[in-house]
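Please read these numbers as outputs of a predicted model, since none were measured by experiment.
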Amino acid sequence: MIVETEAYGGFTDSASHAFKGITKRNLAMFGQEGRAYIYFIYGSHHCLNLVTKNEGEVGAVLIRAIEPAVGVDIMRKNRNVNELTSLTNGPGKLCDALAINLTLDKVDVTLPSSPIMISSRAGPERKVASSPRVGITSAIRRKWRFYDSDSEFVSRARLIYP
DNA sequence: CTCGTGATTGACT
DNA sequence: GTCAATCACGAGC
């Protein structure tokens, strides 16, 4: 279950990978909505985004943390970590746990036949808090990080308010 | 618990 | 050459 996300825009969002235009790496962001945008960062980590805009508009949502539900044993093996609350509480961690890499860039996440599928989920209402996005140096006034404030599975990234 | 630092690759100046 | 939408680990409190 997704418990933490960040929104990224296009040419008007200086923190977005799309801000400076199309490159081979960020091409998926300019493509079809409902696809994955996966990138490799800091020499050793992958991050998963969902493309959310179409037809001239550009936008994506970074998946920053999930709550493990099924396949916990596999995720523990992939991460070599036992502690449940630190298994998927970060964008790089969850990609490692779910074995997500660049070969899955641009896959359709709306199809059951896809290697990645994301769907809505029945359940109680959640409290959603917002804050500045993590790890960026511009557009820090925008509070475009959204997370379940009651979840134990959100990332523990340090946040600096102006 | 918080803080500082090294790892490691690809995209861009 | 610089830097990045990060993580693990160790020191110190």
[atom1] of [X] versus [atom2] of [N]: gap in Å, rounded?
| X | N | atom1 | atom2 | value |
| --- | --- | --- | --- | --- |
| Phe40(A) | dA5(C) | CZ | P | 14 Å |
| Tyr8(A) | dA4(C) | OH | C1' | 11 Å |
| Asn26(A) | dA4(C) | CG | C1' | 14 Å |
| His46(A) | dT8(B) | NE2 | P | 14 Å |
| Ile22(A) | dA11(B) | CD1 | C1' | 15 Å |
| Leu27(A) | dG10(B) | CG | C1' | 16 Å |

Nearest 0.5 Å, what's the [atom1]-[atom2] distance between [X] and [Y]?
| X | Y | atom1 | atom2 | answer |
| --- | --- | --- | --- | --- |
| Asn78(A) | Asp73(A) | CG | CG | 11.0 Å |
| Ile41(A) | Arg25(A) | CD1 | CZ | 4.5 Å |
| Leu98(A) | Arg79(A) | CG | CZ | 10.5 Å |

(message) Counting neighbours of NZ on Lys77(A) that are heavy atoms of other residues, nucleotides or ligands and sit closer than 6.0 Å, is the number greater than 12?
(response)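 No.
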
(message) Could you check whether any side-chain heavy atom of Thr85(A) comes within less than 4.5 Å of a side-chain heavy atom of Phe153(A), counting everything from C-beta outward?
(response) yes

(message) Are the side chains of Ile136(A) and Tyr8(A) in contact, using a 4.5 Å heavy-atom criterion?
(response)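 Yes; the side chains approach each other to less than 4.5 Å.
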
(request) Identify which one of Thr88(A), Asp148(A), Ile66(A), Asn89(A) satisfies the side-chain contact (heavy atoms from CB on, under 4.5 Å) criterion when paired with Val3(A). (result)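 Running side-chain contact (heavy atoms from CB on, under 4.5 Å) over Thr88(A), Asp148(A), Ile66(A), Asn89(A) with Val3(A) returns exactly one hit, Asp148(A).
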
(message) Let's test your reading of the pairing rules: Watson-Crick or G-U wobble, both distances under 3.5 Å, then write DNA chain B as a dot-bracket string with ( ), [ ], | and dots.
(response) |||||||.||||.

(request) Could you run through nucleotides 6-13 of chain C and give me one letter per nucleotide, 5' to 3': B if any protein heavy atom sits under 4.0 Å from the base, S if only the sugar-phosphate is that close, - if neither? (result) BSS-----

(message) Go through it in stages, so that I can follow the logic: the residues are Arg76(A) and Leu84(A), the test is side-chain contact (heavy atoms from CB on, under 4.5 Å), and I'd like the CA-CA distance, side-chain angles, deciding distance and then a yes or no.
(response) CA-CA 8 Å; Arg76(A) 284 199 168 109; Leu84(A) 193 62; 4.1 Å; yes

